Amino acid sequence: MSVIWLLATMVLAAAAFTLWVDGARDKAVDRQQQVDARIRSSNLFHQVLFTYMTGKQGVEGVAWPGLSAVATGASAQSVEDFFDGAVSRLTAQTAAGFMKMNGRVLDAGDGLRVMIQDRAGLIGLSFINKASVFSVLSDMGAETVSARQLSHALADYQDHDDLRRVSGGEAYHYKEFGLPAPANGFLRTPLQLRSVLHWEALLRPLSDAWLLQRFKADGNAAINVNTAQNGAIELVASDLAVAQKIISERKGRLFYSIFDIPSDAQGAESSFFSIMPSGGLRFWSWHTNHPVAQVYDVQFDPLVSGQNSWIVNWTTRVVLPDEMAQRAAVKINHPFFHSSSSSY
C-alpha cells in the first residue's frame, strides 16, 4: 500500500511541476512580448519625432517621409480661400498621407498601438483664460465643487505668494486637508492637479488617461479645433450646443480658416480656437495585451538645431480605461508601421 501512495505522490508532484513549468513559460513569453513592445515603441517614438521635425506641417497634420526625395507641396489657394484667410492645403508625398495628431489610435502591427496628440489641441493649465473650462468641470463632478473654487484653488497653487483667494487655499489649508503643500509655481504635469485643493475631490473618479487626453501644463485655453479631443472642445466651447456642432462638422472636413468654425451669436469662439498644429506632441504607446500606456510629452524649439531642439517635458505610465484600450485602430500603410521592416 505504501508503494501505491508513493507512486500517487510522485504523479501529483509531476503534475504540479508540469503546471509550474507551463506557468513559468507563459510568464516568460508574456514578459518577452512586453520587452519587444517597449523596444518597438521606443523606435516608433523616435521615428515620430523625426517625422515631426522634418515633415511639412499643415492643417492636415505632418507629412510622412517619402522613400524618395520628393518634396511635399502646397496646393494653390482658391480666391475664396485667400480672402477668407484660409491656409494652403498640403499634398502628401506618400500613400500613407499625413501623421494626423488628432488622437486616433494607430495599429503599428503585432498588437502595438500608438496614439499621437498635437499639443496645440490640449488645454494649458498655466493660464486658463476661459471660464467655461471651470464651469463645465464643476457641472460634471460628482463632488460639489464650484467653478470659482476650481479657478481660485489652481491660481493659489501656482502663484508665489501666501495670500489666499476667497475660494482658494494656501499651505495651511493644504495641511488641514492632509495634502502636500502647494507648489507655488507652474504645474510640471497635468497629473499634479490631483494635489490641488478642490481639484483632488473633483478628479477622484476620473482616470489619469482622461486628464492627459485633455490638458497640458503650459499655455492657456486656446486649442486647435482640428486636433483637440471631443472632451477638450466641450470644455472650451461657450456651450454644449456649439461644441456638438463643431464636433459634428469636423467629422466630414477640416477647418482651414478660423472663420469657418461654428461659434455662438457673439462669435466668442474665434479667439479660443486655432487650426494649425504647434508646440510639440504627446506620444502614447501600449500593447493590446497590456493596457498600460507609456506617455511622452515633447516640445520643440525651432531656433535650436540638432538633438537639443526637442525636449521631453515628462514621461509616465498610465492605466488605460476600457474605452481607450479597446478603441478601433487604423492601419497606416507606411514602412514605419511594418513590424517586418528593418526599422525595428
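As the structure is a computational prediction, the values presented were derived from the model and not from experiment.
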Asker: Look up atom CG in Asp139 and atom OG in Ser146, then write down how far apart they are to the nearest 0.5 Å.
Answerer: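 Those atoms lie 10.5 Å apart.
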Asker: Applying side chain to side chain contact (heavy atoms under 4.5 Å, CB included), run through Asp208 and Thr316 and close with a yes or a no.
Answerer: CA-CA 10 Å; Asp208 288 347; Thr316 188; over 6 Å; no
Asker: Would you call Ile247 and Glu234 a side-chain contact if the rule is heavy atoms closer than 4.5 Å?
Answerer: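 A side-chain contact exists here, since the closest heavy-atom pair is under 4.5 Å.
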Asker: How far does OG of Ser278 sit from CZ of Arg119, to the nearest 0.5 angstrom?
Answerer: 9.5 Å
Asker: Kindly indicate whether the side chain of Arg89, heavy atoms from C-beta on, has any atom under 4.5 Å from the side chain of Val59.
Answerer: no
Asker: Dump the intermediate steps for side chain to side chain contact (heavy atoms under 4.5 Å, CB included) on Arg250 and Asn230, then the final yes or no.
Answerer: CA-CA 10 Å; Arg250 73 174 187 166; Asn230 291 347; 2.7 Å; yes
Asker: Are the side chains of Ile246 and Phe273 in contact, using a 4.5 Å heavy-atom criterion?
Answerer: yes
Asker: For residues Leu49 and Phe283, determine if any side-chain heavy atom of one lies less than 4.5 Å from a side-chain heavy atom of the other.
Answerer: no
Asker: Give a yes or no on whether Leu240 and Ile233 share a hydrophobic cluster (residues Ile, Leu, Val, Met, Phe, Trp, Tyr; joining criterion: side-chain heavy atoms under 4.5 Å apart).
Answerer: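 In one cluster with Leu240: Ile233, no.
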Asker: Is there a donor-acceptor contact under 3.5 Å from the side chain of Arg40 to the main chain of Ala108?
Answerer: yes
Asker: Side-chain polar contacts of residues 169-179 - donor-acceptor pairs under 3.5 angstrom, sequence neighbours left out - could you list them?
Answerer:
from, atom 1, to, atom 2, distance (Å)
His173, ND1, Glu170, N, 3.1
His173, NE2, Arg164, NE, 3.3
Tyr174, OH, Leu197, N, 3.1

Asker: Identify which one of Leu206, Leu150, Leu203 satisfies the side-chain contact (heavy atoms from CB on, under 4.5 Å) criterion when paired with Leu193.
Answerer: Leu203
Asker: Would you please name every residue forming a ring pair (Phe, Tyr, Trp, His ring centres under 6.0 Å) with Tyr296, sequence neighbours left out?
Answerer: Phe45
Asker: Drop me the distance from Ser135's OG to Lys130's NZ, to the nearest 0.5 angstrom.
Answerer: 8.0 Å
Asker: Give the C-alpha distance, both sets of side-chain angles, the deciding distance and a yes or no for side chain to side chain contact (heavy atoms under 4.5 Å, CB included) between Lys100 and Val330.
Answerer: CA-CA 11 Å; Lys100 298 181 183 300; Val330 180; over 6 Å; no
Asker: Would you say Ser309's side chain and Phe300's backbone share a donor-acceptor pair under 3.5 angstrom?
Answerer: no
Asker: Please report the shortest heavy-atom distance between Asp260 and Phe255, naming the atom on each side.
Answerer: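 Looking at all heavy atoms of both residues, the shortest contact is O-CE2, 3.6 Å.
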Asker: Can you see which heavy atom on Ala209 is nearest to which on Leu320, and at what distance?
Answerer: CB-CD2, 4.4 Å
Asker: Does some side-chain heavy atom of Thr189 sit less than 4.5 Å from a side-chain heavy atom of Asp297?
Answerer: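 No, too far: nothing below the 4.5 Å cut-off.
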Asker: Might you point out which heavy atoms bring Leu163 and Asp161 nearest each other, and give the distance in Å?
Answerer: N-OD1, 3.0 Å
Asker: For residues 122-129, which side-chain N or O atoms pair as donor and acceptor with protein atoms under 3.5 Å away, sequence neighbours left out?
Answerer:
from, atom 1, to, atom 2, distance (Å)
Ser126, OG, Ala217, O, 2.8
Asn129, OD1, Ala221, N, 3.1

Asker: For Phe272 and Asn220: C-alpha separation, side-chain torsions, deciding distance, then whether side chain to side chain contact (heavy atoms under 4.5 Å, CB included) applies.
Answerer: CA-CA 9 Å; Phe272 289 96; Asn220 56 31; over 6 Å; no
Asker: Check whether any side-chain heavy atom of Gln149 lies under 4.5 Å from a side-chain heavy atom of Leu202, and answer yes or no.
Answerer: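 Side-chain contact under 4.5 Å: no.
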Asker: For Ser151, enumerate each residue passing the side-chain contact (heavy atoms from CB on, under 4.5 Å) test, keeping only those at least two apart in sequence or located in another chain.
Answerer: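 Partners of Ser151 under the side-chain contact (heavy atoms from CB on, under 4.5 Å) test: Phe134.
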Asker: Could you state the interatomic distance from CD (Gln229) to CD (Gln213), rounded to the nearest 0.5 Å?
Answerer: 4.5 Å
Asker: Who else is in Val319's hydrophobic cluster (ILVMFWY, side-chain heavy atoms under 4.5 Å, direct or via others)?
Answerer: Val292
Asker: Just wondering, do Asn102 and Asn226 contact through their side chains at under 4.5 Å, heavy atoms?
Answerer: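 Result no, sub-4.5 Å side-chain heavy-atom pair not found.
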Asker: Using side-chain heavy atoms (C-beta onward) and a distance below 4.5 Å, is Met99 in contact with Tyr52?
Answerer: yes
Asker: Could you walk me through whether Gln117 and Trp284 pass the side-chain hydrogen bond (donor to acceptor under 3.5 Å, both in side chains) test, one step at a time?
Answerer: CA-CA 8 Å; Gln117 286 185 278; Trp284 304 60; 2.9 Å; yes
Asker: So, for Thr51 and Pro65, which heavy atoms are closest and what is the spacing to 0.1 Å?
Answerer: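 For Thr51 versus Pro65, the nearest heavy atoms are OG1-CD, 3.5 Å.
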Asker: Stepwise, does the side-chain hydrogen bond (donor to acceptor under 3.5 Å, both in side chains) test hold for Asn313 with Arg282?
Answerer: CA-CA 10 Å; Asn313 292 324; Arg282 187 163 293 168; over 6 Å; no
Asker: Quick check on the hydrophobic clustering: are Trp314 and Phe186 connected, directly or via other members, by side-chain heavy-atom contacts under 4.5 Å?
Answerer: no
Asker: Determine, using the 4.5 Å side-chain heavy-atom cutoff (strictly less than), whether Trp210 and Trp199 are members of one ILVMFWY cluster.
Answerer: yes
Asker: Which heavy atom in Ser167 sits nearest to a heavy atom in His198, and how many Å separate them?
Answerer: O-NE2, 3.4 Å
Asker: Taking all non-hydrogen atoms of both residues into account, name the closest pair between Gln192 and Ala183 and its distance.
Answerer: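 In terms of heavy atoms, the two residues are closest at NE2-CB, 3.8 Å.
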Asker: According to salt bridge (Lys or Arg N to Asp or Glu O under 4.0 Å), who are the partners of Asp156, at least two apart in sequence or on a separate chain?
Answerer: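 Asp156 satisfies salt bridge (Lys or Arg N to Asp or Glu O under 4.0 Å) with Arg165 only.
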Asker: About how many Å separate CZ of Phe98 and CD of Gln57, when rounded to the nearest 0.5 Å?
Answerer: 11.5 Å
